[in-house]
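This report refers to the structure that appears directly beneath it.
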Amino acid sequence: MTRKKLYIDGKWIETKEYYKLRSPYNGQEIAEIPLADEKLVDEAIAAAERHKAVMRSLPAHERSAILTRVANYLEAHMEEAARILAQENAKPLKAARAEITRTIQTYRFSAEEAKRLYGETIPMDAAKGAEQKLGFTVREPLGVIAAITPFNFPFNLVAHKLGPAFAAGNTVVLKPASQTPLSALYIVEVFEKAGLPPGALNIVTGRGGVIGDRMVQDPRVKMVTFTGSLEVGLRIRQLAGLKRVTLELGSNSPVIIDNIRNLDAAVEKCVTGAFAYAGQVCISVQRIYVHEAVYDEFLQKFIARAKALKIGDPLDEDTDISALISSGEVDRIEAWIKEATEQGARVAAGGERIGEGILAPTILTDVPSHVSLCTMEAFAPIVMVNRVKSVDEAIRAANDSQYGLQAGIFTDSIHTAIKAARELESGGIIVNDVPTFRVDHMPYGGVKNSGIGKEGVKYSVEEMTELKFVSFAALE
Ligand code: NAP
């Protein structure tokens, strides 16, 4: 079993303590991972602080070239990277390859964005008394950024932190999720090979509950960019003081199915949206509201497609659904199913546990709006399908949520689509597709308890830079 090292100040270092990383699918030990303590966090931040001037002065074309080399390397080593992912977070290989493909794009978008840090000229003569002045803005890097990432898309969500941060000329201390350090350590090696200056990227692996506060509170850190749960996000927001904070949190994404002609297309997309990576996606389809005119047909087709999904080993080529990140997650969902059925819901498919850590794709109908499956984030292969009389009723139900990351609607009517786009309370509205749709340059981020700030490379670059204003006067 390989023992991994931390990368701080351009050096691979050992730690006093390690933990054993195990496969979520079969419990096998995969690697020994360094447990960073607060002292190592301090060293990592100090290195990032020392080297921020180097990154700040690196020309845009060099920052862009480094990011391009990272993307090229990943393209050439796609299979190796996908297998790391499948091993550490039980993502089926098909989905793992799809994630690496997106990761490559995220780094390519970042390479392009590195060359587009534009400011603007301000028409100073619009103000009386400033007629002779020349005013313009420039975007400057913030300095040290702390990046904290979740387990579910460990390559691409790390890329959404590192790509824009380096495009903008910042330095980074990265803390990946404890279950998915291998992909992060791998990408650090790739950046080293790509010629990123030493000290620009530092990684600390270990328990978020132990080292997280230190990262968030250190005054040398100028921004915390976090993707993960609401609970941890709230804590970070409370501790971060005046630092810039981006929080990409969870949701219980709704999708509305109007009385449409092409029901098959909607069914197909909803199956992927609800069950891809066993529902462990922040924009997984969790609540489906179907117009009564097509409800029975939709449900029957949806159940048939869900039952056809292949359950198994993430390393098997044809697996669609594998283990959840821990068996405790299956316990939690079993309790939710019990709660919902006691309150009148019906299990239309699945509901059973397979082995220790797998939940069969599960569909519940007639789910009351106050039970956990409707109000909380499931993050599991479970979805509710409720009947509605009208799109108005569906929009009201969709909005009855503490979350608002993305929402979807399938409709043949442009008027209904526009109404839904206006009225749904969500960071993104996806018409004729599931809310799970995301590409990596579009603006992405939630309202309500789904977070603050936007990702999508260009938008992250804006969050990760300071807008500075310069005014010039000519002295006669
Ligand atoms: P999580 O438990 O919140 O963990 C996320 C990260 O925070 C991990 O690196 C974790 O480290 C760290 N952490 C834990 N306690 C911390 C603390 N006190 N201070 C600082 N960091 C701390 O989330 P997860 O289970 O990995 O991921 C699932 C969640 O992420 C879901 O809610 C999902 O919706 C959300 N998510 C959102 C998006 C989005 O873009 N909106 C995308 C993907 C996922 P440890 O692993 O060591 O505990």
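When a ligand or atom number is given, it counts from 1 through the structure's own listing order.
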Just jot down the ligand 1 atoms closer than 4.0 angstrom to any heavy atom of [X], in number order.
X: Gly212; value: 19 (N), 20 (C)
X: Ser178; value: 45 (P), 46 (O), 47 (O)
X: Pro176; value: 9 (O)
X: Gly209; value: 15 (N), 16 (C)
X: Asn152; value: 43 (C), 44 (C)
X: Gly206; value: 47 (O)
X: Ile148; value: 6 (C), 7 (O), 9 (O), 12 (C), 20 (C), 21 (N)

Query raised in the report: Without hydrogens or angle criteria, can the side chains of Thr180 and Asn89 be said to hold a donor-acceptor pair below 3.5 Å?
Result: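 Result is no, nothing qualifies.
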Requested in this report: Would you kindly say whether Glu88 and Ser183 are connected by a side-chain donor-acceptor distance under 3.5 Å?
Outcome: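 Note: Glu88 and Ser183 side chains meet the donor-acceptor criterion.
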To the nearest 0.1 Å, how far is [atom] from its closest protein heavy atom, and which atom is that?
atom: atom 24 (P) of ligand 1; value: Phe151 CD2, 3.7 Å
atom: atom 2 (O) of ligand 1; value: Ser229 OG, 4.0 Å
atom: atom 34 (O) of ligand 1; value: Glu377 OE2, 2.5 Å
atom: atom 38 (C) of ligand 1; value: Cys282 SG, 3.0 Å
atom: atom 41 (N) of ligand 1; value: Leu249 O, 2.7 Å
atom: atom 8 (C) of ligand 1; value: Thr149 O, 3.3 Å
atom: atom 17 (C) of ligand 1; value: Gly208 O, 3.4 Å

Requested in this report: Pick one of side chain, backbone, both or neither for how Arg207 approaches ligand 1, counting any non-hydrogen atom pair under 4.0 Å.
Outcome: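 Arg207 to ligand 1: backbone contact only, side chain stays beyond 4.0 Å.
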Query raised in the report: For atom 16 (C) of ligand 1, which candidate among Val281, Val232, Thr246 provides the closest heavy atom?
Result: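 Closest candidate by heavy-atom distance is Val232.
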Requested in this report: Going by heavy-atom distance to atom 35 (C) of ligand 1, choose the closest among Gly250, Gly427, Gly228.
Outcome: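 Checking each option, the heavy atom nearest atom 35 (C) of ligand 1 is found in Gly228.
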State if [X] counts as touching ligand 1 under the rule of any non-hydrogen atom under 4.0 Å.
X: Gly446; result: no
X: Gly451; result: no
X: Phe153; result: no

Query raised in the report: Does some non-hydrogen atom of the protein lie less than 4.0 angstrom from atom 11 (O) of ligand 1?
Result: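 It does: a protein heavy atom is found less than 4.0 Å away from atom 11 (O) of ligand 1.
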